[in-house]
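What follows is a single structure, written as structure tokens, with notes after it.
Each chain gets a letter, A, B and so on, in the order the sequences are listed, and its residues count up from 1.
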Amino acid sequence: MLKLVFFLLFLSPICFINNMYWMVQILLFFMSFIFLLMNNFSNYFSEISYYLGCDLLSYGLILLSLWICSLMLLASESVNKYNNYSNLFLLNIVILLLLLVLTFSSMSLFMFYLFFESSLIPTLFLILGWGYQPERLQAGIYLLFYTLLVSLPMLIGIFYLMNKMGTMNFYLMNNFMFNYDLLYFCMMCAFLVKMPMFLVHLWLPKAHVEAPVSGSMILAGIMLKLGGYGMLRVVSLLQLMNLKFGFVWISISLVGGVLVSLICLRQTDLKALIAYSSVAHMGIVLAGLLTMSYWGLCGSYSLMIAHGLCSSGLFCLANVSYERLGSRSLLINKGMLNFMPAMALWWFLLSSANMAAPPTLNLLGEISLLNSIVSWSWVSMIMLSLLSFFSAAYTLYLYSFSQHGKIFSGVYSFSGGKIREYLLMMLHWLPLNLLIMKSDMCLLWL
Amino acid sequence: MFNNSSKILFITMMIIGTLITVTSNSWLGAWMGLEINLLSFIPLMSDNNNFKSTEASLKYFLTQALASTVLLFAVILLMLKNNLNSEINESFISMIMLSTLLLKSGAAPFHFWFPNLMEGLTWMNALMLMTWQKIAPLMLISYLNLKNLLMISVILSVIVGAIGGLNQTSLRKLMAFSSINHLGWMLSALTISESIWMIYFLFYSFLSFVLTFMFNIFKLFHLNQLFSWFLQNKILKFTLFMNFLSLGGLPPFLGFLPKWIVIQQLTFCNQYFQLMILLMSTLITLFFYLRICYSAFMLNYSENNWAMNSHINNFNMNLYTIMTFLSIFGLFLISLFYFMF
């Protein structure tokens, strides 16, 4: 793992050389290809160096972070074009990526916490520095304080565990089990907010609406997965407590998922719609994860990766429209099929991925999650059926409202899709549909 | 400051006063050191160009003299009681002593003089007040053995420090309240061990030195000055203000280290209630630190046309950059020296 860390560290001086934007972008891609070759298909920690290592669970998420971060640079070309502090932007993203790689690859719970928290800071900088509107201050504060309020108790919980177990190593931690409810709430709440579970999700739509495209991509693509990843790591410690209290979170996220889907149906803001849809999807992930069945744990990992690619792609599409029309409102972003028919294909493909249409990884994830949740309790079928129905409904709403119908008459003129944008969409979509061919890698991590 | 020979004298005296207190083996000697320290800090505060400093020095004199008198009274009482003025078991007398020392250091129920006083000081004096002047009283507090009263003071300090700073626009008052908050952490570190207190104190001193150094050079005293300051290099400004996040104790920065150590030790001592209050109040301080940083972290905002250029000489700039580097990446560098501790 140290080779990745050093690669990223030595990438940071390059950020300060002018006109090196694409160089950094290509190097990040290069890095993800190197990392692809580091897969050795084992469920144990491998590539261990300096307390860093990766098993299959962290492998997928590190690969996802590398991929998304390079796509972030590809998507925010406007930062480079208008030189909107592009050096600082590059540095910020490289540091963010470094922290994310360290988060997913650290083998000790405390180091995980440290980098988990640290990765918040560059995200905050992205929102505050490159967001569009004055409200970004509020969004930044929401993001920071929602997360910190619950993660500081988790720090206490982690030190408690350290005191009791004498180790922080994930692999050794599996030998312990704690039956202590305060500890359970301390440890879970931080991840629940980060996921975000319904009721504590309010920071997410705000942050998405105010963030630049790169911020939205990293938020939807990786930051939400930090919560799921952390939960997959610590849930084994707390499984007894989880048997007792898990139903609370499962019910909240299933009912919440339906409510959030209904909220999606009345959105007029493209980004807000996609943000709420990711709250709904993460709700299923959370519910499946907390059933603690084999299906659920595997499916949550799979859907996290799928959702990371898919929602990040949708945010990119929203940004493509935003850059041309200057608005994210669905009243203005309509009838885009008339102007950018080729982009409408990508809208279609990614929307269908968002509603878990057949060849995508989302489908695999959702099927296994549905299996786990229904096997947990047949009553949840009601909410699950509503959830799947409405998630198809709002995705169709998103697609048909933005692509079909008449074009907004107030638009003046703009260019069609660029090769860069098509490449960007392709690089989101291709792994999403190809990974299912090798689904043991993104399903059977346990 | 260093061009004035009398100031050099008084600074030396001040340092000697603190050292006398810290090293003395009797309470009377400690009291003497405190007095020397007080009487040499007052001339340091006075400034002919600023009438507020006179007021500040008067306030400082009154509060500290009151504290010293009561401390002397308590010391004499103790001496009358058991003829040995070193060991304390009597809770009433040590309660008096503790409260005088809390007053001297500016901890919570006795903090009212502190922000007012800071308002009248130059940044370098404020720095001395926030850091050096706390050494002697805190060392003396560590000799006392009154955990309950100390815990009340800890809780009140962190809460007052957090809530008080919310409504301020003056940077000196903000730093004062942040100092009260950090004092709460230091007192709570004192209840565990002196070495942890020392680590916390050293890191706090370093971080507040970095910040006051910047404020001093650029003569920044109010929040609204920050929006028109240092616009010629936004990236540098961005970096400089990350020091505030470091002071707030956010993870990837150096300021997290002392907090980490204190949190870990408090958890091992099962002080969960106290710890929760410490953490939550720190979040509030983080909020007002972040408010100071808005002008730097929002890279694009509507700027004044008459924004002035700020100048800084090369030596100061280099020094400052090095310190900022340490304050931002210090946590990672510390791990390289891990085995030295």
Item to check | Check: A:Tyr132 ring centroid to A:Tyr322 ring centroid under 6.0 Å | outcome: yes

Checklist entry - Can you tell if the side chain of A:Ser106 reaches within under 4.5 Å of the side chain of A:Leu52, non-hydrogen atoms only? => result yes

Checklist entry - Do B:Tyr289 and B:Ser178 have a side chain donor and acceptor closer than 3.5 Å? => result yes

Item to check | Contact origin within A:Leu148 toward chain B - heavy atom pairs under 4.5 Å | outcome: both

Next on the checklist: Need one label for A:Leu149: side chain, backbone, both or neither, based on atoms under 4.5 Å from any heavy atom in chain B.
Outcome noted: both

Checklist outcome for this item: So, the part of A:Leu91 with a heavy atom under 4.5 Å from chain B: the answer is neither

Checklist entry - Which atoms of A:Tyr85 come close to chain B, meaning under 4.5 Å heavy atom to heavy atom: side chain ones, backbone ones, both, or neither? => result side chain

Checklist entry - Between A:Phe110 and B:Trp260, is the gap from one ring center to the other below 6.0 Å? => result yes

Item to check | Aromatic ring pairing A:Phe6/A:Phe10, orientation class (parallel under 30°, perpendicular over 60°, tilted between) | outcome: parallel

Next on the checklist: With a 4.5 angstrom heavy-atom cut-off, is it the side chain or the backbone of B:Phe256 that approaches chain A, or both, or neither?
Outcome noted: side chain

Item to check | chain B contact via A:Phe115 - side chain, backbone, both or neither, heavy atoms under 4.5 Å | outcome: side chain

Next on the checklist: Taking side chain as everything from C-beta outward and backbone as N, CA, C, O, which of these in B:Leu331 sits under 4.5 Å from a heavy atom of chain A? Side chain, backbone, both or neither.
Outcome noted: side chain

Checklist outcome for this item: Note: vs chain B, highest number of non-hydrogen pairs under 4.5 angstrom among A:Leu120, A:Leu88, A:Ile121, A:Leu137 is A:Leu137

Item to check | Validation row, ring centre B:Tyr294 to ring centre B:Tyr301 under 6.0 Å | outcome: no

Next on the checklist: With chain A as the partner, which of B:Leu279, B:Thr282, B:Leu283 has the greatest number of non-hydrogen pairs under 4.5 Å?
Outcome noted: B:Leu283

